[in-house]
Amino acid sequence: MDSRRTYLDYNATSPLRPGVRDVFVDALSCFGNPSSVHTEGRQARALVAKARKQVADLIGGQASDVSFCGSATEALNMVIRAGWDCVITLASEHAAVLEPAKGCGADHYTVGVTPDGLVDLSDLAAALARAGGSGLRTLVCVQAANNETGVLQPIDEVAAICREAGALVLCDAVQVAGKLSFDVTDAGVDFAVISAHKLGGMKGVGAVWARPGLTLAPLVSGGGQEKGLRGGTENVAAIAAFGAAAEIIAGLLETKGGGCHVQEAFETSLLEVTPGGVVVGQRAPRLPNTTCIAVPGRAAETLVIGLDLAGFAVSAGAACSSGKVSRSHVLDAMGLGKELGSGEELSASAIRISWGWETTQDDLDRFISVWSQTVTSSKGYRQVA
């Protein structure tokens, strides 16, 4: 029996890259407080400054416009809770956007997505019309790439529509950063958020970029760190590792293609052994490392467990719900399977496979073999009602 573990859940988190680990370990010896003026403090501050530039370079921004915080979720909250009159979100946004948008005290409008997972631009225009008219401060939140389906939104089109309406755009770039080229200037956004651990860095570090001239209110006050946006002594070693991961990936993006051919071949093989299987968002532009497949009559949770027992780590939906497998609001927003009369069934049976820097072609080939056995076997699996 093959005892190897194969990790195929990169959209949840990436393994720590060896070069990043080395930077992190070296930075642990730099114990000074970055806010101190003595030599040890300046050494720590230099590490943070270097990382700030490395992260800014990855997304085409300036170091002076990047601030570090504890996570991408914190960064998103920082922007969304900045005193807007209206906040507009896509129905398929991450919970880290939807939850603060509902509770920030602003008027909240939800924009629908098409069955392919793409923003309904006419619905967006209608929401902007409802939100505007009185010089209100409006923020539109949009993921560059969906964490569950990999669907890529037309960020530049969204930004152009919002700019014409006088609204600002917050881009959740967590999933796209490091997988595809993403430039905040080209995209035309006003705020962008990324996360270290999605890039092969440490968990517990995020970054927010804000267009020059825009101000934010801190979620955590005290000490004045990060231009007053995030009180508390910086996690120097983890930030240094964040910068290293950003620099490594920026170099790889310049030398490697997107890998769409790998995705296409993988999905072709997957569908060949999956009776009635549906690749979610297949007709839309997607991340080249992400496949979300729904299987009629199979419960996602039991498929995940079966694959885990067989040595493969995949997920059902987002890995941000304290280990719970629950119905996906993203797939519901897309109306998955309703045109087939089986929306409940398909939405409850979707599995996400996402690969990354350690994944080999052999890993994907072996997955197809194990998947075929898992999905076609009825033993031990609960049928979806």
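- Atom CZ of R352 sits about 15.0 Å away from atom CD1 of I293, to the nearest 0.5 Å.
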Report the C-alpha separation of T360 and D362 in whole Å, then their side-chain angles, then the decisive distance to 0.1 Å, and conclude whether the side chain to side chain donor-acceptor pair (under 3.5 Å) test is met. CA-CA 5 Å; T360 65; D362 180 63; 4.8 Å; no
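- Counting only heavy atoms from C-beta outward, the side chains of L214 and L168 approach each other to under 4.5 Å.
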In a table with atom names and distances, give each donor-acceptor pair under 3.5 Å that connects a side chain of residues 221-229 to protein atoms at least two apart or in another chain.
from	atom 1	to	atom 2	distance (Å)
Q225	OE1	G232	N	2.9
E226	OE1	R52	NH1	2.7
E226	OE1	F68	N	2.8
E226	OE2	R52	NH2	3.2
K227	NZ	S64	O	2.8
K227	NZ	S67	OG	3.3

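- Neither V119 nor V174 shares a network with the other; the hydrophobic side chains, linked directly or stepwise wherever heavy atoms of I, L, V, M, F, W or Y lie under 4.5 Å apart, form separate groups for each.
- With contacts defined as side-chain heavy-atom distances shorter than 4.5 Å, the pair I59/D183 does not qualify.
- Atoms CG and CD, on N33 and E234 in that order, are 7.5 Å from each other to the nearest 0.5 Å.
- D123 places a side-chain N or O within 3.5 Å of a backbone atom of G112 that can act as its donor or acceptor partner.
- Nearest heavy-atom pair across A75 and C69 is CB-SG, 3.5 Å.
- At a threshold of 4.5 Å between non-hydrogen side-chain atoms, the residues M202 and F242 do not count as touching.
- Salt-bridge annotation for D308 and R5: present, with a side-chain N of the basic residue lying under 4.0 Å from a carboxylate O of the acidic one.
- Its side chain within the 4.5 Å cluster rule, W357 clusters with Y7, Y10 among the Ile, Leu, Val, Met, Phe, Trp and Tyr residues.
- Using a 4.5 Å heavy-atom threshold, the side chains of L8 and S354 count as separate.
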Under the criterion side-chain contact (heavy atoms from CB on, under 4.5 Å), I'd like the reasoning laid out for Y109 against C86: C-alpha separation, chi angles, the key distance, then a yes or no. CA-CA 8 Å; Y109 299 100; C86 301; 4.2 Å; yes
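- With hydrogens and angles disregarded, no donor-acceptor distance shorter than 3.5 Å links the side chain of T290 to the backbone of L287.
- Put simply, the side chain of R211 never gets that close to the backbone of V189: no donor and acceptor are under 3.5 Å apart.
- Side chain of T149 to main chain of N146: no donor-acceptor pair is present (N/O by atom type, distance under 3.5 Å, no hydrogens or angles).
- Under a 4.0 Å N-O distance rule, the pair R283/D116 qualifies as a salt bridge.
- A single hydrophobic cluster is seen to contain both V193 and M78, as judged by linkage of ILVMFWY side chains at heavy-atom distances under 4.5 Å, directly or through other members.
- One hydrophobic cluster, built from ILVMFWY side chains closer than 4.5 Å, cannot hold both L98 and L219; they sit in different ones.
- Rounded to the nearest 0.5 Å, atoms CG (L121) and CG (L128) are 10.5 Å apart.
- Smallest separation of non-hydrogen atoms from A207 and V55: CB-CG1, 4.1 Å.
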Let's go through V205 and S71 carefully: what are the C-alpha distance in whole Å and the side-chain angles of both, what is the deciding distance for side-chain contact (heavy atoms from CB on, under 4.5 Å) to 0.1 Å, and is it a yes or a no? CA-CA 5 Å; V205 186; S71 65; over 6 Å; no
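- Looking only at side-chain heavy atoms (C-beta outward), P34 and V236 come within less than 4.5 Å of each other.
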Between R298 and S349, does a side chain to side chain donor-acceptor pair (under 3.5 Å) hold up when you go through it step by step? CA-CA 5 Å; R298 293 286 183 252; S349 64; over 6 Å; no
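- Summarising the geometry of L336 relative to A294, their closest heavy-atom pair is CD2-CB, 4.1 Å, with the distance given to 0.1 Å.
- Side-chain atoms of S315 and D9 include a donor-acceptor pair closer than 3.5 Å.
- Scanning all heavy atoms of the two residues, the minimum distance from A245 to L199 falls at CB-O, 3.9 Å.
- Rounding to the nearest 0.5 Å places CD1 of I194 at 5.5 Å from CG of L58.
- I161 and V158 fall within the same hydrophobic cluster, defined by Ile, Leu, Val, Met, Phe, Trp and Tyr side-chain heavy atoms under 4.5 Å apart, directly or through other members.
- Using a 4.5 Å heavy-atom cutoff, the side chains of S14 and K198 are not in contact.
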Determine, step by step, whether V262 and L364 satisfy the side-chain contact (heavy atoms from CB on, under 4.5 Å) criterion, reporting the C-alpha distance in whole Å, the side-chain angles of both residues, the deciding distance to 0.1 Å, and the verdict. CA-CA 9 Å; V262 174; L364 297 179; 3.7 Å; yes
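- Judged by distance alone, with hydrogens and angles left aside, the side-chain atoms of Q62 form no donor-acceptor pair with the main-chain N or O of P212 at under 3.5 Å.
- The structure places CZ of F191 at 7.5 Å from CG of L170, a figure rounded to the nearest 0.5 Å.
- Residues E74 and R230 are paired through a salt bridge, judged by an N-O separation under 4.0 Å between the basic side chain and the carboxylate.
- Rounding to the nearest 0.5 angstrom, the gap separating the CD atom in E93 from the CG atom in N147 is 9.0 Å.
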Go through it in stages, so that I can follow the logic: the residues are T138 and D85, the test is side chain to side chain donor-acceptor pair (under 3.5 Å), and I'd like the CA-CA distance, side-chain angles, deciding distance and then a yes or no. CA-CA 6 Å; T138 299; D85 297 307; over 6 Å; no
Acceptor/donor pairs from residues 265-276 side chains to any protein atom, 3.5 angstrom cut, sequence neighbours excluded:
from	atom 1	to	atom 2	distance (Å)
E267	OE1	R286	NH2	2.9
E267	OE2	R286	NH1	2.7
E267	OE2	R286	NH2	3.3
E267	OE2	T291	OG1	2.8
T268	OG1	E264	O	2.9
S269	OG	A265	O	3.2
T274	OG1	L270	O	2.5
T274	OG1	W371	NE1	2.8

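- Under a 4.0 Å N-O distance rule, the pair D363/R4 does not qualify as a salt bridge.
- In the hydrophobic clustering of ILVMFWY residues, with side-chain heavy atoms under 4.5 Å counting as a link, F312 and V304 come out together.
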Q143 vs S92, test: side chain to side chain donor-acceptor pair (under 3.5 Å). Steps then yes/no. CA-CA 9 Å; Q143 275 183 310; S92 58; 5.1 Å; no
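- A donor-acceptor pair under 3.5 Å links the side-chain atoms of N289 to the main chain of W355, judged by distance alone.
- In this structure a side-chain-to-backbone donor-acceptor pair under 3.5 Å is missing from Q43 to H38.
- Using a distance-only test at 3.5 Å, with no hydrogens or angles considered, no donor-acceptor pair links the side chain of S372 to the main chain of S369.
- The shortest heavy-atom contact between G178 and L253 is O-CD2, 3.8 Å.
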Could you please spell out the steps behind the side-chain contact (heavy atoms from CB on, under 4.5 Å) verdict for D186 and D156? CA-CA 7 Å; D186 291 343; D156 54 346; over 6 Å; no
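- Residue-environment remark: CD (E164) stays at or below the threshold of 12 foreign heavy atoms within 6.0 Å.
- By the 4.5 Å heavy-atom criterion applied to side chains, I155 and C171 are counted as neighbours.
- With contacts defined as side-chain heavy-atom distances shorter than 4.5 Å, the pair L139/I88 does not qualify.
- Between A350 and L331, the shortest heavy-atom contact is CB-CD1, 3.2 Å.
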